[in-house]
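Attaching a single structure in structure tokens format; questions to follow.
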Amino acid sequence: MKVYGTVRRIPMGKVATYGQIARLAGKPGAARMVGWAMSSSSPRNPVPWHRVVGAGGRIIISKALTYSEMQRQLLQREGVQFRGDRVRMDEFQWKAGLEPKSSRKKKLSKR
DNA sequence: ATACTGACACGGG
DNA sequence: CCCCGTGCCAGTA
């Protein structure tokens, strides 16, 4: 699954959103797949799932509060700073060769 | 095969 | 700010 590969490419000290990863994986809009992929095989895969956050940098995982806190700890340990309950996307969002959300959807209209 | 669910995103109220 | 509906893909009953 490309999702795993994409997540593994997230550099340390950076984070990416589910939607962003879905796009990089070639499935724009399929943000749910990313979450599904993680929860499905995260514990048995060397995937830095903690670097994946919801839109706006907010930690999603609500089913297991333990994990949400753990994710935050791991991120902070890598140097990622938070602003309230969210990651400072303005500084720590992984741009992966893409541009900021300013002109993102243009790549979708490739033809 | 269909129906429901799920670590989501985005627009509208 | 919160809540609701819809689109998306894959897995499970």
Spell out yes or no: do the side chain of A:Y18 and the base of B:dA7 have one donor N/O and one acceptor N/O closer than 3.5 Å?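 Between B:dA7 and A:Y18, which were checked side chain against base, a qualifying N/O pair under 3.5 Å is present.
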
Rounded to the nearest Å, what distance is computed from the CD1 atom of residue A:I10 to the C1' atom of nucleotide B:dA7? 13 Å

So which atom in A:V52 and which in A:Q71 form the shortest heavy-atom distance, rounded to 0.1 Å? O-NE2, 2.8 Å

Considering all heavy atoms, the nearest A:A16-A:W94 contact: CB-CE3, 4.0 Å

Have A:H50 and A:Q73 got a donor and an acceptor in their side chains that come within less than 3.5 Å?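 Side chains of A:H50 and A:Q73: no pair found under 3.5 Å.
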
Between A:D85 (CG) and B:dA7 (P), how many Å, whole number?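 Distance, rounded to whole Å: 19 Å.
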
Report the distance from atom CD of A:Q20 to atom P of B:dC8, rounded to the nearest whole Å.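 A:Q20 atom CD is separated from B:dC8 atom P by 16 Å.
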
Letter per nucleotide, 5' to 3', of nucleotides 7-13 of chain C [B base touched, S only sugar-phosphate touched, - untouched; heavy atoms, 4.0 Å]: BBBSS--

Rounded to the nearest angstrom, tell me the gap between atom OH in A:Y4 and atom C1' in B:dA7.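 Checked: the OH to C1' distance equals 12 Å.
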
Whole-Å gap separating C1' (B:dA7) and CD (A:E69): 16 Å

Just wondering, more than 12 heavy atoms not from A:D85 lying within 6.0 Å of its CG?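 For A:D85, atom CG is not crowded (no more than 12 foreign heavy atoms under 6.0 Å).
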
Starting at atom CD1 of A:I61, determine the distance to atom C1' of B:dG6, rounded to an integer number of angstrom. 13 Å

Nearest heavy atoms of A:S68 and A:I61, plus distance in Å: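 Looks like CB-O, 3.5 Å.
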
Take atom CZ of A:R77 as the centre, draw a 6.0 Å sphere, and report whether it contains more than 12 heavy atoms from other residues, nucleotides or ligands. no

Could you give the CD-to-P distance, from A:Q71 to B:dA7, as a whole number of Å?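 It works out to 14 Å between those atoms.
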
